[in-house]
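Structure first, commentary second.
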Amino acid sequence: MMTQYLDLLMTDYTLQIITLGTAVLGALCGMLGSFAVLRKQSLLGDAISHASLPGIAIVFLVLGVKDNNGLLLGALLSGLVSAVFIKGIISKTHLKSDTALGIVLSTFFGFGMLLLTYIQKLPNANQSGLEKYLFGQAATLLASDVWLMSSIAGIALLIVLLFWKEFKIVLFDADYTTTLGFHVKFIDTLMTSFIVIAIVMGLQTVGVVLMSAMLLAPAAAARQWTNSLSIMVFLAGIFGAVSGILGTAISASANNLSTGPVIVLVATFFVMISFVFSPIRGLLFKQIKLWKNRNDLKLMKTLMFMYNIVEDHDNISHPHKIQLLNNFQGYTKKSLKSLQAEELILLEKDSWSLTEKGFQVAKNLYTQQS
Amino acid sequence: MSNAQIEIQLILSLVAVACALPGVFLVLRKMALISDAISHSILPGIVVGFFITHDLASPLLILMATLTGVLTVVLVEYIQKTGLVKEDTAIGLVFPSLFSLGVILIARNAGDVHLDVDAVLLGEVAFAPFDRWMYNGMDMGPKSLWMMGGILTMTITLLSLFYKELKVATFDAGLAASLGFAPMAIHYGLMTVSSVTTVGAFDAIGAILVVAFMIVPAACVYLLTNNLKKLLIFSSLLGIFASISGYWLAHAMDTSIAGTIATVLGLIFFLVYLFAPNRGYISQWYKEKQQKTEVALLVFLLHLANHEDEMERNSNHLQEHINWSHQLARKVLKLANQNNMIEIENEIISLTPKGLEFTEQAISYITDNKNSELEGIKQNYFLFRG
């Protein structure tokens, strides 16, 4: 199936365009999504993408065009307006950000629905092109769309590089940035606008409903592997692009698999892998560390027990019977062997003796802490 | 009004109240977006349930979808607990993946299932009266009317049984735990009720607009009152009002009923947001403006009290000393004069006894209380506000 797909990719122009498009989109979303995730604005994307619907409908209604770029401009404006509303509600009232997002998301989307159904019933309107924004149709991507996406991604990359220092410092300490004399409001607006742009670019491919996951998932996955912002942004871009390519490949090689949901699931798969397997932060690593700590504790307990027996003797390395340890339940042959491997004790047939090193370690076990 | 129209309005009103009640608690507990997550992620539950039952109103389907909703909450909380990502990211990861799963399930089985993603997401209440419950050949009314009625009855029963527990757990989870109220049980109870309501309502109004029905009425009323009972009652009434007016508006414009109701709710929220006394945009804006002038006044009075030197108190030099714009300086001077805080003689400004008394009291209040809101003192001394 793999070679079949590759053959198809080599020959089928449409598939090439779609693959390229989803890859660029994934990279763009991953890159800009990193900022959204770090700013704890993950769900802003969800609200804005839903809120872009009325913009699309209004442009269609007023200008009567189905031209893709015009509709995207409408989505962009409507997304920006919704962002302003969200900010206004949070800053002027005591309603919290989750409520503000929920209100804007649902009422804007509802208004979009109203407009869409209104358009549907206009006598000469052919609105079949509008539905695709709801769930996305990667298959409708044209070469010109991919060009637009690529140039936007290029501009976004340029701006991110240009304002790298400002973005970074605002992310980590906005108050401190203000005291340094940076124009935080401007940087903030710039960042939010770019998130809106990324969302709008993705509407056609993955749709209003799933767009937020495109933004979040690659960034959330990348976050697990590094603490450095530059590496995270880079990794998120890679994850996003790979999700796009793989998602398109999977949906192209099977029937009835819409591209948007598959891409989202692939990205989610990356997140799961990252959650489990990433070093240091990952769940697996943490579990192994837990087991290791537990094991160490057991060994040290055994050593301590031996120390208590040996303490009163003149010769600390005098051998003792292993049976003597039976009062203490926590030892096994394996644990004794690993103690020997660390040269803390010496084993001889059925007896053991503490080494000088073992004696010192046990002696310092408690005193070290205080 | 035809019979069907009355039935639709009845269903909408039931949905509005059933959503508004848990919605109030979601807003108060800062979990408004959980409703968004649940409304999306019930899709795979609905799909699997529909494969089995082929009936959108069957109890098994509702049960399965509700379980998916609760599963969403559990997953979100599990991811949150690992500390790998923040809470909002956890929500944003869980529901799109479950939703995608649902979309793919539908697409893969499109031949066998007459279930549309559009139908689940957007709903259509206009068809609700056609799906009737026949019992022994007798027409008992639309199925969804019975279903929503049942869900609402359950919600109200639970609410009246656990009102006190919910209230305490919402406002002080720590206190609730120490009183032995099991905040976790209350939390999951609320989540289950929200899931059931979402599942029951999606058929009529669509999953996305359930969010509007849950959050917007509560948010509107929350801008007007802090009283929990009033919140519950007025959110429900507001929901009913929006549903019925939205229905007729949609009827007149021939548009999506649910979309129109959400738009009406949005407009109502916008009006409340602008005009709510004390908490609305305009009153906040006015208050901020007032605060600004009054703080400036206090600074000005302090300056006067601190400087015996006549040079410092010459009205022509003040502008340079405090570095104010001409406009602000004039406004402050006028306000001080109106309130008899200062007197001007030969362009030399000095405090009146009243002005001096006010300044001293204000300073000692601020230093004692570390709080610059001098409402009480201002009330005593000001004839005119900033």
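Nothing here was measured: the structure is a model prediction, and the numbers come from that model. A, B, ... follow the sequence lines: proteins, then strands. Residue 1 opens every chain.
- When heavy atoms are compared at a cutoff of 4.5 Å, B:Ile79 approaches chain A solely by way of its side chain, counted from C-beta outward.
- Of all heavy-atom pairs spanning A:Gly110 and B:Leu209, the tightest one is CA-CD2, 3.8 Å.
- Among B:Thr82, B:Val94, B:Leu84, the residue making the largest number of heavy-atom pairs under 4.5 Å with chain A is B:Leu84.
- Residue contact with chain A, scored on non-hydrogen atoms closer than 4.5 Å, involves the side chain of B:Tyr273 exclusively.
- Around atom OH of B:Tyr78, no more than 12 heavy atoms belonging to other residues, nucleotides or ligands sit under 6.0 Å away.
- The contact list for residues 254-264 of chain B toward chain A, using heavy atoms and a distance under 4.5 Å, reads B:Asp254, B:Thr255, B:Ser256, B:Gly259, B:Thr260, B:Ala262, B:Thr263 by residue number.
- Ranking B:Leu265, B:Leu267, B:Val210, B:Val216 against chain A, the residue ahead of the rest is B:Val216, based on heavy-atom pairs under 4.5 Å.
- Applying the salt bridge (Lys or Arg N to Asp or Glu O under 4.0 Å) criterion to B:Lys86, with sequence neighbours excluded, gives no partner residue.
- Atom OH of B:Tyr281 has 12 or fewer heavy atoms from other residues, nucleotides or ligands within 6.0 Å.
- Heavy atoms closer than 4.5 Å to chain A are found nowhere in B:Glu87, neither backbone nor side chain.
- Within 6.0 Å of NZ on A:Lys286 lie more than 12 heavy atoms contributed by other residues, nucleotides or ligands.
- Annotation for A:Ala213 and A:Val264: closest pair CB-CG1, 3.7 Å, computed over non-hydrogen atoms.
- Comparing B:Leu249, B:Ile34, B:Ile215 by how many heavy-atom pairs each has under 4.5 Å with chain A, the most go to B:Ile215.
- Highest contact tally toward chain B, considering only A:Val37, A:Leu210, A:Leu44, A:Leu115, is held by A:Leu210 [criterion: heavy-atom pairs under 4.5 Å].
- Across every non-hydrogen atom of B:Ala201 and B:Val15, the tightest pair is CB-CG1, 3.8 Å.
- Ranked by heavy-atom pairs under 4.5 Å with chain A, the list B:Leu93, B:Val85, B:Leu101, B:Leu26 is led by B:Leu93.
- Remark: A:Phe275 CZ is packed, more than 12 non-hydrogen atoms of other residues, nucleotides or ligands lying under 6.0 Å away.
- Within the 4.5 angstrom heavy-atom criterion, only side-chain atoms of B:Phe95, from C-beta onward, approach chain A.
- For a residue to count as touching a neighbouring chain, one of its non-hydrogen atoms must lie under 4.5 Å from one of that chain's; by this rule A:Thr99 touches chain B with backbone and side chain alike.
- Rounding to the nearest 0.5 angstrom, the gap separating the CE atom in B:Met214 from the OG atom in B:Ser235 is 12.5 Å.
- The parts of A:Lys40 that come within reach of chain B are both its backbone and its side chain, each placing non-hydrogen atoms under 4.5 angstrom from that chain.
- The aromatic ring centres of A:Phe85 and B:Phe270 sit less than 6.0 Å apart.
- For A:Val104, no part lies under 4.5 angstrom from a heavy atom of chain B.
- Heavy atoms closer than 4.5 Å to chain B are found in the side chain of A:Leu105, but not in its backbone.
- Using the six-membered ring where Trp is involved, A:Phe239 and A:Phe270 have ring planes that are tilted, between 30° and 60° apart.
- No other option in A:Ser212, A:Ser258, A:Gly88 has as many heavy-atom pairs under 4.5 Å with chain B as A:Gly88.
- B:Ala276 and B:Leu224 get closest at one heavy-atom pair: CB-CD2, 3.9 Å.
- In this structure, B:Ala16 and B:Ile240 approach most closely via the heavy-atom pair CB-N, 3.9 Å.
- Among A:Ser106, A:Pro54, A:Gly102, the residue making the largest number of heavy-atom pairs under 4.5 Å with chain B is A:Ser106.
- Contacts with chain B were tallied for A:Arg223, A:Gln41, A:Gln224; A:Gln224 has the most, counting heavy-atom pairs under 4.5 Å.
- Contact annotation for A:Leu43: both backbone and side-chain heavy atoms come within less than 4.5 Å of a heavy atom of chain B.
- Residues B:Ile42 and B:Thr68 share a closest heavy-atom pair of CA-CB, 4.3 Å.
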